[in-house]
A.B. asks: 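Got a structure for you, questions after.
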Amino acid sequence: MIGFELTPEQKALQEKARRFSQEVILPVAARYDRDGTFPLEVMEKAHGSGFFTPLIPKEYGGEGLGVLDNCIIAEELAAGCMGIYVSIFVSTLALYPIIKFGTEDQKERFLKPFCSKFSMASYCLSEFTVGSDPASMKATAIPDGDHYLLNGTKMWITNGGYADFYLVFATTDPGKKDKGIISLIVPSHLAGVSHGAPIDKMGQRASNTTAVTFKDVRVPGENLLAGEGEGFKKAMIALDITRPMIAVGAVGVARTAMELAIQYAKTRVQFGVPIARHQAIQFMLADMAKDIEAARLLTWKAAWLADQGAQNSKEAAMAKAFASDVAMRVTTDAVQIYGGMGYTLWHPVEKLMRDAKVIQIYEGTAQIMRLVIARQMLHEVGGIF
Ligand SMILES: Cc1cc2nc3c(=O)[nH]c(=O)nc-3n(C[C@H](O)[C@H](O)[C@H](O)COP(=O)(O)OP(=O)(O)OC[C@H]3O[C@@H](n4cnc5c(N)ncnc54)[C@H](O)[C@@H]3O)c2cc1C
């Protein structure tokens, strides 16, 4: 039996997130986009509303929600501003592996304090020379008595300048590729941890993105989350869970662009009629609506599979690839519908187009998502993989 009706609890979550988005995020989104500064006040309110801790079980102070529940929240937050949403979301990316794979001691030490007071966390996988191919990472974590000695620089780290702790992937031996990768929970106050200046970006400018450097950082052995042979696998499992949350962010961005395009098309008059009367405009609007609906459904399915504990790598990659392409296409068409006005900074559609672009890049590029899908397909039918 398939049902598409949200439960009363999910409707309440959606309503709460929509109100937060409209009352807290939307009024400041343009200002933070312009300044490129970090909306700490919004983060604190979002943490207070439980949006930082959706997947953390209630026994540790979190919301105890499922992936689909969180996708419903995420669409609303991203509809207000994707840069602000991603700053909220990225803590879940760093926390999920602790929820899923952490020891009881790690959950007590990291999840509980994270829930009880305003905190942020970052996920450190990428490096300057390593993005799509993280198995070739250079950062090293060498066992040293009951510690690990961590060295290297991670690049593009969302919330890098604000995290209380980092989930860091590093290798015990670069020659071992994925087999040598481990993950460590690294508090930002440890000696040798530093971050660079915020990177000036095209879009999602309200999010804080920095390099983070680890120089002879002594990380206690009890902060090891995943050992050799496990670190890479667990990083990928975490991405299967979080990709639907990015995909649904793309849905939120596209939805806002469509809503603005509809409003504009109904009021802008050319050739004596609102441009919405011209079939070419109607076709663009219709394509927006059908693609957004399809992206949402694909995303919900990937999230639902995750909640069932089922393998969802292919569906999560499909959702992420499809929804991010939809966001790019819909925001570009929204600018088109606004005509010259869409190309100015006077209207929000240009921001949406800039914000959409990076969704095709981070959490696995559009090309890597297609590789994941193809590998799974070929694996399922047997043969060369
Ligand atoms: C704003 C922002 C925030 C980010 N936040 C984080 C974060 O919090 N934590 C983190 O760890 N990382 C983060 N990233 C990094 C992000 O995940 C990487 O940028 C992404 O994985 C791509 O890596 P790259 O930039 O090195 O591109 P590359 O891997 O160098 O790719 C360049 C191009 O080559 C293509 N390509 C590469 N390999 C193949 C292949 N085998 N087949 C076909 N095409 C290929 C890619 O698709 C892309 O088009 C962030 C990036 C940005 C821009």
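In listed order, ligands and their atoms are each counted from 1. Below, each value reflects all heavy atoms present in this structure, side chains not excepted, and no hydrogens, waters or symmetry copies. These numbers were taken from a predicted model, which means no experiment stands behind them.
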A.B. asks: Looking at His195 versus Phe214, is the centre-to-centre ring distance below 6.0 Å?
C.D. replies: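 His195 vs Phe214: aromatic centres not under 6.0 Å.
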A.B. asks: Tell me whether Tyr362 has any N or O atom under 3.5 angstrom from an N or O of ligand 1.
C.D. replies: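 In this structure, Tyr362 places no N or O atom under 3.5 Å from an N or O of ligand 1.
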A.B. asks: Under 6.0 Å from the six-membered ring centre of Phe101 and within 45° of its axis: does the NZ or CZ of Lys234 meet both?
C.D. replies: yes
A.B. asks: Angle between ring planes, Phe52 versus Phe114, binned at 30° and 60°: parallel, tilted or perpendicular?
C.D. replies: tilted
A.B. asks: Can you pull out the closest protein heavy atom to atom 19 (O) of ligand 1? Residue, atom name and distance to 0.1 Å, please.
C.D. replies: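 Sorting protein heavy atoms by distance from atom 19 (O) of ligand 1 puts Ile361 CG2, 4.0 Å first.
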A.B. asks: Is it true that Gln204 lies under 4.0 Å from ligand 1, counting heavy atoms only?
C.D. replies: no
A.B. asks: Counting only nitrogen or oxygen atoms and a 3.5 angstrom limit, does Leu125 reach ligand 1?
C.D. replies: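 Checking ligand 1 against Leu125, an N or O pair does fall under 3.5 Å apart.
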A.B. asks: Identify, for atom 7 (C) of ligand 1, the protein heavy atom at the shortest distance, and state residue, atom and that distance.
C.D. replies: Trp156 O, 3.2 Å
A.B. asks: Do Phe169 and Tyr123 have their ring centres less than 6.0 Å from each other?
C.D. replies: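 Distance test on ring centres: under 6.0 Å, yes.
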A.B. asks: Which residue supplies the protein heavy atom nearest to atom 35 (C) of ligand 1, what is that atom called, and how far is it?
C.D. replies: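 Nearest neighbour among protein heavy atoms for atom 35 (C) of ligand 1, to 0.1 Å: Gln367 OE1, 4.5 Å.
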A.B. asks: Determine whether any protein heavy atom is located less than 4.0 Å from atom 33 (C) of ligand 1.
C.D. replies: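 No, there is no protein heavy atom closer to it than 4.0 Å.
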A.B. asks: Compare Leu239, Ile368, Val358, Thr365 and give the one whose heavy atom is closest to atom 53 (C) of ligand 1.
C.D. replies: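 Comparing heavy atoms across Leu239, Ile368, Val358, Thr365, the nearest one to atom 53 (C) of ligand 1 lies in Val358.
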A.B. asks: May I ask you to identify the nearest protein heavy atom to atom 36 (N) of ligand 1, giving residue, atom name and distance to one decimal place in Å?
C.D. replies: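 Ranking protein heavy atoms by distance from atom 36 (N) of ligand 1, first comes Ser132 OG, 4.4 Å.
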A.B. asks: Before signing off on this row, confirm whether Thr158 and ligand 1 have an N or O atom pair separated by under 3.5 Å.
C.D. replies: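 Yes, at least one N or O pair falls under 3.5 Å.
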A.B. asks: Tyr338 vs Tyr264 aromatic rings, parallel, tilted or perpendicular, using cut-offs 30° and 60°?
C.D. replies: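 Answer is parallel, since the angle falls under 30°.
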A.B. asks: Quick check on atom 30 (O) of ligand 1 - does any protein heavy atom sit closer than 4.0 Å to it?
C.D. replies: no
